[in-house]
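To start, the structure under review is shown below, and the notes come after it.
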Amino acid sequence: MAAKGWINGDESAAEMLARVSKERPFLLLPPLHRVPLRVGNVVELVGPSSSAKTQILIQAAVNCILPTEWNGVHYGGLERLVMFIDLDCRFDILRLSEMLKHRIMEPIGSMCNYEELYAVCMRRFLYVRCYDSLEFLATLKTLHHRLQKETKVLHVEIQLLMIDRKCISLQSISDTVVQEIRKLLLVHPMLVIATKEIMLGKVYAVDEAKQNKYLLEASDVRSITSSIQRLPYREFMPSVWQFREHGMQSPPYFMNSHGARNKCLPVLWSWIDLGCAKPPRSLNWKIAVGCLE
Amino acid sequence: MAPLKALELAYPIFDSNFQTFCASHGILSVEDFLIHDVYELAAFADQQPTSEKLKQGITQIFSIIDAQHQPWLNGLELLDDALQKKHVFSTGCEGIDLLLGGGLRAGQLTELVGPSSSGKTQVCLLAASYLVSKNMGTVVYLDTGNSFSSQRIAQFVGRISNCMFDQAGQRIFQKVMNNILCYSVFDIFSMFNVLHRLEINLQSQKGEQVRLLIIDSISSLITPIIGNSGSQGRALMASAGYLLKKLAQEHNLVVLVTNHTVGGERGIPKPALGQTWKSVPHVRLLLSGDHGNNIRSISVLKHPSMASGKVASFTI
């Protein structure tokens, strides 16, 4: 009987597609809306210093905490919780607040009567600062309980977990961090976005010999094949961060090829690795990171 | 983090039975708990005869772990903290204040970068003098190169508060000068010593008037310990950065450090201490000056809410 049931299968492809797209729908989260992301994905934003990594996190967070509609005004947000784990202690709440106000005022022109919406949105943004790896681990361990509590109070589910700047730590700690994130994803379907700073090859261009030495020494030098250029970069993080060894869905990698010295210029971002998803038609696209002033 | 044995007094639930159970899984301290899979441990506890008590112990450890990290804040609380407690302090130098939109912000680590004789120490001394002259709090000054000059401070203070050199003026002057605490530190370990003592004082609210922490210069403490071999030096550098940021954030201090420059690509000077340190300061300002005149220029290399590249000039 059991064997027959096994041969018959659990569900048809159509049923599975319907179930998956209901359970883990695509997340269209500007400025990452060009990318087919789903809940349960782990996305890593990779780029050199001052390439607008945190800016992208903030934009995505604002889109996540805004409601779809409020008093008949369309905002197109997700109306979900965002949790931001700051390992860098450099997050500026004023930037998020300014951007949120700007988004709220855009369609209506003034802020009057919208303080309530502003406050509701701000409450959906949760933030924690970690000064060392063990604090980070303690945060992850207790995140499940914390989430249950918040969900009860605010009546919204979490959709986005952001980790700004993964830091280098001991092997056993990073192992556990990866496992904890994996376990959390099982219980709370959400999108994880982590940023990581890298040094591009050109940093070493100071002298060729030195560069070659570095590249040989670095055990996990990877070469990124993008449609326009190959950029060697040195991987800072131990290999366990490249979740795929652990059978986790491989993270789509993004990186940008030019640091934005001047913040008003658009930044070119490109795919590195998309795991199982089908890559979009264009591999590179620009994200305008406007100044708020 | 404490070993379980030490916690037995405070939490009787961690009895010898619980300790043996944990030790059999290689867990001797709360730290070990963080690294272990607690759900797996709970499953093992189920098979034990005293599973109820063991599970209570594990729940207790969860609540200890929960207190180990900083509290979660929502956006409104965070904004409130930023607006109420993270004030902006003027440096006493108009050009710099205009460039930074008011001055140095509490909670942030500001770094002054520049070649020698570009005015880094002068800006530090001026900022310290201005803050104490305006009675905004006290200053802790870590001097690593014997470059602290009390005469220069006295000059600045005299200029800012228009002190008369009579009896009453002297008394005010002395009170102001008493509010700058200078420590001479010559290696990174004595810096950690001073900073840890400061942290303890701040936590016990003994030193709550401290508003500004200056380290002139941090690069002369860190450069000797980062060499080509070994990563201990880098680890010390990273923990120094985190300690400074923690002090700034938790106790609403302005932290001002100075850094020298080294020759970079094609001889263009760049800040010392490399890529790892680059991500530590919130604000990075480049000072430069001509020999022969007093006009210095300052430009923004990095700022959390400002486009980099803005330039201003100032005189001291």
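Letters A, B, ... mirror the listed sequences (proteins, then strands); counts begin at 1. In this text the structure is predicted, and so the values were computed from the model without any measurement.
The heavy-atom pair separating A/Glu135 from B/Gln68 by the smallest distance is CG-O, 3.6 Å. The heavy-atom pair separating B/Pro71 from A/Val128 by the smallest distance is O-CG2, 3.8 Å.
Listed options A/Glu180, A/Arg123, A/Arg129, A/Met83 were ranked by heavy-atom pairs under 4.5 angstrom with chain B; first place goes to A/Arg129. In terms of heavy-atom pairs under 4.5 Å with chain A, the best-connected choice from B/Leu78, B/Asp66, B/Ile65 is B/Leu78. Of the listed residues (B/His69, B/His282, B/His36), the greatest number of heavy-atom pairs within a distance under 4.5 Å of chain A belongs to B/His69.
With A/Arg124 contributing its side chain and B/Gly75 its backbone, the two residues share no donor-acceptor pair below 3.5 Å. Under the 3.5 Å distance criterion, the side-chain polar atoms of A/Lys141 are matched with a main-chain donor or acceptor of B/Leu34.
If you measure heavy-atom distances from A/Phe84 to chain B, the contacts under 4.5 Å come from the backbone alone. Heavy-atom distances place the side chain of B/Tyr39, and not its backbone, under 4.5 Å from chain A. Using a 4.5 Å cut-off between heavy atoms, B/Leu83 contacts chain A through its side chain alone, with no backbone atom that close. When heavy atoms are compared at a cutoff of 4.5 Å, A/Thr139 approaches chain B by way of both its backbone and its side chain.
Here the side chains of A/Phe125 and B/Leu76 are not in contact, with every heavy-atom distance at 4.5 Å or above. Between B/Phe62 and A/Thr142, some side-chain heavy-atom pair lies under the 4.5 Å cut-off. Using a 4.5 Å cut-off on side-chain heavy atoms (C-beta onward), B/Pro281 and A/Arg90 make no contact. A 4.5 Å side-chain heavy-atom check between B/Leu79 and A/Leu94 finds at least one atom pair inside the cut-off.
The pair A/Lys183-B/Asp37 meets the salt-bridge criterion, since a charged nitrogen lies less than 4.0 angstrom from a carboxylate oxygen.
Rounding to the nearest 0.5 Å gives a distance of 9.0 Å between SG of A/Cys130 and OH of B/Tyr242.
Inspection of non-hydrogen atoms places B/Lys245, B/Lys246, B/Gln249, B/Glu250 of residues 245-255 of chain B under 4.5 Å from chain A.
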Report the C-alpha distance between B/Trp72 and A/Leu143 in whole Å, list the side-chain angles of each, state the deciding distance to 0.1 Å, and finish with yes or no for side chain to side chain contact (heavy atoms under 4.5 Å, CB included).
CA-CA 10 Å; B/Trp72 279 95; A/Leu143 195 59; 3.2 Å; yes
Between A/Leu137 and B/Ile35, does a side chain to side chain contact (heavy atoms under 4.5 Å, CB included) hold up when you go through it step by step?
CA-CA 8 Å; A/Leu137 207 48; B/Ile35 295 168; 4.3 Å; yes
